[in-house]
Each structure stands twice: as C-alpha cells, then as structure tokens.
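Atoms considered below: every heavy atom in the structure, side chains included; atoms not considered: hydrogens, waters and symmetry mates.
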Amino acid sequence: MVESETGATYDEDVFAILITNNDLGDIFKNRWQLFTKKIPDVDSLQDKVILASHPSINQSDYKLKNLCIRKFSYKEEKLKVGMFEEVQKILALETTDSSNPSINIYENLNEFKVIGVQL
C-alpha cells in the first residue's frame, strides 16, 4: 500500500492520469482519474474505460504515440469470404458520449495492450 499526501492509501498497482480531453465526457475533462494495472480477462473489460496502446491508434491528446483512454468493447462479426464464413474479431475504443468516431482495430490484435483500467 502507498499513502498519498492526503493520507489516502492505494494499492501499488493504482496510478492516476489527468484526462485532458472530453472523450470521457465534459465532467472528467481536466480531472485526475485512478486506473489499476491489474487487467481482468477480455469479457470483464467490456464497456470499461481503459488506457490502451496499439500501433493503429494515431490520435492522442497525451503526447505519447499510440495511446488513448476510451471505453473498450469487443465483438466478433461473420464475414462471407468466397464460399466460407470467417469470424473477424473487432476491438472498438469509443468515447463515452460518442462525440468522436470510434477507433476500430481489426489487425495485429496481438499488439493491442491494455495498460490500465479505470477504477
């Protein structure tokens, strides 16, 4: 456990991030949010706000390449490829109020990293 300047105690896996845009809504803009490094399985991440990294994440207000803080969703879609149906996995990173387009990740899923999950 780590004690803050205010006397509050936090697990060592907890860290704070200053939200500098309104991707999580105006209420969180310019406010600190707590995240944990303890990453649950993908089913438990559905609709959670995460700090994510992937090479296809171009936009970032955090001055670090390939990072964003958005709501996570995972889905599978069936695509007809010739005579066969294939399942395509899609990771979607969305703003909480849908004010900006979602970031959809279809390729190189093995390079997708969840760095933290909002508490």
When the side chains of residues 82-94 are checked against the rest of the protein, which donor-acceptor pairs come out under 3.5 Å, sequence neighbours left out?
none

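- In the displayed structure, E107 atom CD is contacted under 6.0 Å by at most 12 heavy atoms of other residues, nucleotides or ligands.
- Taking the side-chain contact (heavy atoms from CB on, under 4.5 Å) definition, one finds that E111 meets it with H54, P55, N108, sequence neighbours left out.
- Counting heavy atoms from C-beta on, the side chains of L45 and V117 come closer than 4.5 Å.
- Residues that satisfy the side-chain hydrogen bond (donor to acceptor under 3.5 Å, both in side chains) test with D13, not counting sequence neighbours, are absent from this structure.
- Nearest heavy-atom pair across I115 and S53 is CD1-CB, 3.8 Å.
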Extract all donor-acceptor atom pairs below 3.5 Å that involve side chains of residues 27-37 and protein atoms in other chains or at least two apart in sequence.
| from | atom 1 | to | atom 2 | distance (Å) |
| --- | --- | --- | --- | --- |
| R31 | NE | I27 | O | 3.0 |
| Q33 | OE1 | Q118 | NE2 | 2.8 |
| T36 | OG1 | K38 | N | 3.1 |

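- Placement of V42 and Y106 in two distinct hydrophobic clusters is found when ILVMFWY residues are connected by side-chain heavy-atom separations under 4.5 Å, directly or transitively.
- In this structure the side chain of I105 reaches within 4.5 angstrom of the side chain of F112, judged on heavy atoms.
- The CG atom of N104 sits 9.0 Å away from atom OG of S56, with the distance rounded to the nearest 0.5 Å.
- The closest side-chain heavy-atom distance from I103 to R70 is below 4.5 Å.
- Residues L67 and L51 form a side-chain contact, since some pair of their non-hydrogen atoms from C-beta on lies under 4.5 Å apart.
- Listed by chain and number, the residues in a side-chain hydrogen bond (donor to acceptor under 3.5 Å, both in side chains) with Y74 are E76 (sequence neighbours excluded).
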Give the C-alpha distance, both sets of side-chain angles, the deciding distance and a yes or no for side-chain contact (heavy atoms from CB on, under 4.5 Å) between I69 and N21. CA-CA 10 Å; I69 300 172; N21 60 27; over 6 Å; no

